[in-house]
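We number each residue from 1, following the sequence as shown. What you see is a predicted model; the values in this text were computed from it and never measured.
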Amino acid sequence: MRVIAGEFRSRKLKSLPGAATRPTPDRLRETLFDILQPRIGGARLVDAYAGTGAVGIEALSRGASHVWFLERNRAAIETIRENLQSLGLESRSTVAAGAVLLTLPRFPAEIVFLDPPYDHEREYTAALDLLAQSHPSLAVLQHSVRLTLPEEAGPLRRVRTVRQGDNVLSFYE
């Protein structure tokens with residue numbers, strides 16, 4: 001796994017062995033940031049269900065001002081911290097340990113990226129309900145093509161979907 005573009009382009013990131021996390025594929029991450037590029041400079045972002053932290057680190061590499069990494073898996077938290085330290089990004093990031101649905105409301109970001117485990121379908125709707133209360137300017141949910149998400153969640157409305165293989169990115173504004 002590597003950083004695709006920006007300040008840390010081509011830098012390798014440590015990943016987790018096993019199936020505890022499902023990293024966002026490089027190609028999908030590249031597509032995501034091609035879409036986000038006009039909005040990412042100076043933005044604050046939440047990388048929820050962060051895994052290795054690749055999405056948040058990509059955001060920092062491309063100019064985000066701060067990223068909150070939300071994760072509950074201890075091995076993943078350690079991997080995120082090691083990746084941030086190897087790039088010198090500790091001052092522009094916060095790693096929050098615990099259940100995402102409990103930590104998410106504490107971080108007022110303009111952009112929220114959520115990538116729950118695909119077998120935790122209820123996490124998606126619960127997270128959307130929380131985001132409907134906090135009103136980020138953009139929420140992006142990565143999910144399986146087999147999962148249908150609602151078109152609306154409070155004031156948030158799905159404005160775009162992008163499909164790559166078995167993955168879908170749903171954009172809510």
Side-chain angles (χ1 to χ4, degrees), residues 1-6 8-40 43 45-64 67-73 75-77 79-80 83 95 99-101 103-104 107 109-132 136-153 156-173:
M1 187 175 312
R2 64 183 176 83
V3 179
I4 296 164
F8 303 106
R9 181 181 184 176
S10 299
R11 295 282 300 269
K12 292 197 181 269
L13 298 175
K14 183 178 178 184
S15 59
L16 288 163
T21 62
R22 178 190 29 78
T24 300
D26 285 358
R27 190 169 144 234
L28 185 61
R29 205 165 6 109
E30 185 173 14
T31 298
L32 170 66
F33 281 97
D34 285 349
I35 294 166
L36 293 181
Q37 193 57 46
R39 300 173 87 156
I40 204 73
L45 183 131
V46 165
D47 182 357
Y49 309 91
T52 63
V55 169
I57 290 169
E58 189 74 38
L60 290 167
S61 182
R62 293 176 185 237
V67 173
W68 290 280
F69 296 86
L70 312 184
E71 180 58 63
R72 75 180 315 163
N73 179 295
I77 291 166
T79 299
I80 294 165
N83 283 332
V95 180
V100 168
L101 296 177
T103 56
L104 184 61
F107 304 106
E110 291 88 19
I111 301 171
V112 177
F113 178 79
L114 293 128
D115 183 15
Y118 283 0
D119 60 347
H120 290 81
E121 290 184 8
R122 290 184 183 162
E123 294 277 318
Y124 288 92
T125 53
L128 270 173
D129 289 343
L130 285 173
L131 293 173
S137 59
L138 178 66
V140 182
L141 282 71
Q142 180 181 334
H143 58 94
S144 166
V145 295
R146 295 176 235 359
L147 177 64
T148 302
L149 294 177
E151 290 296 318
E152 298 178 359
L156 296 174
R157 301 207 179 348
R158 185 165 38 195
V159 295
R160 184 174 189 174
T161 57
V162 176
R163 180 181 173 173
Q164 277 188 3
D166 290 339
N167 297 297
V168 177
L169 297 173
S170 288
F171 294 79
Y172 288 84
E173 293 187 76

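For the side-chain contact (heavy atoms from CB on, under 4.5 Å) with Tyr172, the qualifying choice from Val159, Leu114, Leu156 is Leu156, the only one to do so.
Looking at Phe113 and Leu169, their side chains come closer than 4.5 Å, going by heavy atoms from C-beta outward. Put simply, the side chain of Phe171 reaches to within 4.5 Å of the side chain of Leu32, judged on heavy atoms. Side-chain contact check for Leu149 versus Val168: every heavy-atom pair is 4.5 Å or farther apart. Tyr49 is not listed as a side-chain neighbour of His120, based on a closest heavy-atom distance of 4.5 Å or more.
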Report task. Carefully, step by step, assess Leu131 and Leu104 under the rule side-chain contact (heavy atoms from CB on, under 4.5 Å). Result -> CA-CA 8 Å; Leu131 293 173; Leu104 184 61; 4.0 Å; yes
Query - Trace of the side-chain contact (heavy atoms from CB on, under 4.5 Å) decision for Phe69 with Ile57 - result: CA-CA 9 Å; Phe69 296 86; Ile57 290 169; 4.1 Å; yes
Query raised in the report: Yes or no on side-chain contact (heavy atoms from CB on, under 4.5 Å) for Phe107 and Val112, after CA distance, side-chain angles and deciding distance?
Result: CA-CA 10 Å; Phe107 304 106; Val112 177; over 6 Å; no
**Report entry** Test log, rule side-chain contact (heavy atoms from CB on, under 4.5 Å), inputs Met1 and Asp26
**Finding:** CA-CA 7 Å; Met1 187 175 312; Asp26 285 358; 4.2 Å; yes
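Rounding to the nearest 0.5 Å places OG1 of Thr161 at 7.5 Å from NE2 of His143. Put simply, OG on Ser137 and CZ on Arg39 are 5.0 Å apart, with the number rounded to the nearest 0.5 Å. Summarising the geometry, atom CG belonging to Leu16 is positioned 7.5 Å from atom NZ belonging to Lys14; distances are rounded to the nearest 0.5 Å. Of the inter-residue distances, the one linking Thr103 atom OG1 with Leu70 atom CG reads 4.0 Å to the nearest 0.5 angstrom. Taking CZ of Arg157 as the reference point, atom CD of Glu173 lies at 11.5 Å (rounded to 0.5 Å). Arg160 contributes atom CZ, which lies 11.5 Å from atom OG of Ser170 (distance to the nearest 0.5 angstrom).
The environment of CZ in Arg2 is crowded: more than 12 heavy-atom neighbours from other residues, nucleotides or ligands sit within 6.0 Å. Within a 6.0 Å radius of CZ in Arg72, other residues, nucleotides and ligands contribute 12 heavy atoms or fewer.
A donor-acceptor distance shorter than 3.5 angstrom exists from the side chain of Asn83 to the backbone of Thr52, with no hydrogens or angles considered. At least one donor-acceptor pair closer than 3.5 Å links the side chain of Glu71 to the backbone N or O of Ala50.
Residues Val100 and Ala48 approach most closely at CG1-CB, 3.8 Å, considering heavy atoms. For the pair Ile4 and Glu58, the tightest heavy-atom approach, listed with the atom from each and the gap, is N-OE1, 2.8 Å. When all heavy atoms of Ile35 and Pro38 are compared, the pair lying nearest together is O-CD, 3.4 Å. Considering every non-hydrogen atom in both Val3 and Arg29, the closest pair reads CA-NH1, 4.3 Å. For Leu147 against Tyr124, the heavy-atom pair with the smallest separation is CD2-CD1, 3.5 Å. Gly53 approaches Ile80 most closely through the heavy-atom pair N-CG1, 3.8 Å.
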